[in-house]
Amino acid sequence: DGRYRMTAQDIIVAALECLRVPFRHQGRQIAPGADQGIDCVGVAVHVASRCGLPYVDQQGYGRTPAGTALLDALDAQPCLRVVKRIDMQPGDLLAMRFERAAQHVAIYTGATIIHAYSSAGLCCEHDFTPTWQRRVMRVYRFVEPQ
């Protein structure tokens, strides 16, 4: 039908565009300049935008979302749907915890994750180690509108 079909590679390429951008809470700007900076949600917003997907960019969230705030926000996204962890594929968005509540998201590539990480001070890519694997609370797939 000639419609664009988004692939996992499209998602990963869009996430890779964020690499080395400085971490900034609620940041959405990857282009060099005074406003440059991105957070983990900013990476997901960039991916959705580059892939032409509808999304709701929520602002004003805390540095450490409490309770189910992050999961609720992800569940409400028109471009995401929950998939079983066993069905996780490259290009999926991972909701992760550091303590009890989901507080972080990353793009899964198959062997690595791409995410803006405050401890690293920038958007980075590194191995999806057992430590990071244990942090995954929910897996989301980017989906095109029907």
Side-chain angles (χ1 to χ4, degrees), residues 4-31 35-146:
Y4 169 68
R5 297 281 184 229
M6 175 186 58
T7 67
Q9 190 62 29
D10 295 330
I11 294 163
I12 293 166
V13 166
L16 288 169
E17 293 172 350
C18 300
L19 286 182
R20 294 176 290 287
V21 172
F23 177 87
R24 183 167 54 83
H25 177 61
Q26 295 188 39
R28 298 292 186 270
Q29 184 58 258
I30 69 166
D35 291 340
Q36 187 186 41
I38 199 165
D39 67 4
C40 64
V41 171
V43 175
V45 166
H46 177 76
V47 167
S49 176
R50 289 287 278 146
C51 292
L53 301 173
Y55 61 91
V56 178
D57 188 5
Q58 297 184 357
Q59 298 289 322
Y61 50 86
R63 283 186 76 93
T64 53
T68 62
L70 179 59
L71 295 177
D72 292 346
L74 294 172
D75 287 348
Q77 291 298 322
C79 66
L80 295 174
R81 71 173 163 87
V82 176
V83 294
K84 293 178 182 169
R85 181 158 179 172
I86 195 163
D87 295 327
M88 187 167 66
Q89 298 175 2
D92 285 347
L93 181 74
L94 310 179
M96 305 173 122
R97 70 172 146 232
F98 290 109
E99 294 170 10
R100 300 186 81 132
Q103 299 175 320
H104 191 65
V105 296
I107 303 294
Y108 174 63
T109 70
T112 65
I113 56 173
I114 301 167
H115 59 137
Y117 186 37
S118 63
S119 296
L122 47 72
C123 183
C124 57
E125 180 179 18
H126 57 76
D127 290 341
F128 188 44
T129 64
T131 297
W132 284 99
Q133 291 171 27
R134 283 190 296 275
R135 291 179 172 147
V136 175
M137 292 185 72
R138 196 171 290 168
V139 178
Y140 293 88
R141 182 138 315 134
F142 286 95
V143 294
E144 296 176 80
Q146 298 303 316

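These figures come from a predicted structure and were not determined experimentally.
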Any luck finding a side-chain donor-acceptor pair between Asp39 and Tyr61 under 3.5 Å? yes

For Leu93, the option from Val83, Leu74, Val43, Val139 that meets side-chain contact (heavy atoms from CB on, under 4.5 Å): Leu74

Least distance between heavy atoms, Gln58 atom then Ala73 atom: OE1-CB, 3.3 Å

Find the distance between CD1 (Ile107) and SG (Cys40) and round it off to the nearest 0.5 Å. 10.0 Å

Report the distance from atom CD of Gln103 to atom CZ of Phe98, rounding to the nearest 0.5 Å. 7.5 Å

Under 4.0 Å between a Lys/Arg side-chain N and an Asp/Glu carboxylate O for Asp35 and Arg24? no

How many angstroms lie between OG1 in Thr109 and CG in Asp92, if you round to the nearest 0.5 Å? 11.0 Å

Smallest heavy-atom separation, Ala95 atom then Val105 atom, equals CA-CG1, 4.2 Å

Do the non-hydrogen side-chain atoms of Arg28 and Ile38 ever get within less than 4.5 Å of each other? no

Taking every heavy atom of Pro90 against every heavy atom of Gly110, the minimum-distance pair comes out as CG-CA, 3.9 Å

Sequence neighbours excluded, the answer for side chain to side chain contact (heavy atoms under 4.5 Å, CB included) partners of Ala106 is Met96, Ile113, His115

Can you sort out the partners of Glu17 under side-chain hydrogen bond (donor to acceptor under 3.5 Å, both in side chains), two or more places apart, ordered by chain and number? His46, Arg50

If you define the side chain from C-beta out and look only at heavy atoms, does anything of Tyr55 sit under 4.5 Å from Leu53? no

Do Val82 and Arg138 touch side chain to side chain, with heavy atoms closer than 4.5 Å? yes

Hey, could you give me the CZ/CD distance between Arg20 and Glu125, rounded to the nearest 0.5 Å? 9.5 Å

Decide yes or no for Met88 and Tyr140: does some side-chain heavy atom of the first lie under 4.5 Å from some side-chain heavy atom of the second? no

Which heavy atom in Asp87 sits nearest to a heavy atom in Arg141, and how many Å separate them? O-NH2, 2.8 Å

Nearest-0.5 Å distance that lies between atom CG in Leu94 and atom CZ in Arg135: 12.5 Å

For Val47 and Ala15, work out which heavy atoms get closest and say how close. CG2-N, 3.7 Å

Gln36 side chain to Gln29 backbone, donor-acceptor under 3.5 Å: no

Heavy-atom distance under 4.5 Å between the side chains of Pro78 and Val56, does that happen here? yes

Return yes if some donor-acceptor pair links the side-chain N/O of Thr68 with the main-chain N/O of Leu71 below 3.5 Å, else return no. no

Please walk me through it: do Ile114 and Cys123 pass side chain to side chain contact (heavy atoms under 4.5 Å, CB included)? CA-CA 7 Å; Ile114 301 167; Cys123 183; 3.9 Å; yes

Nearest heavy-atom neighbours spanning Asp127 and Trp132: O-CD1, 4.3 Å

For residues Tyr117 and Phe23, establish whether the separation of their ring centroids is below 6.0 Å. no

How long is the gap from CE on Met6 to CZ on Phe142, to the nearest 0.5 Å? 8.0 Å

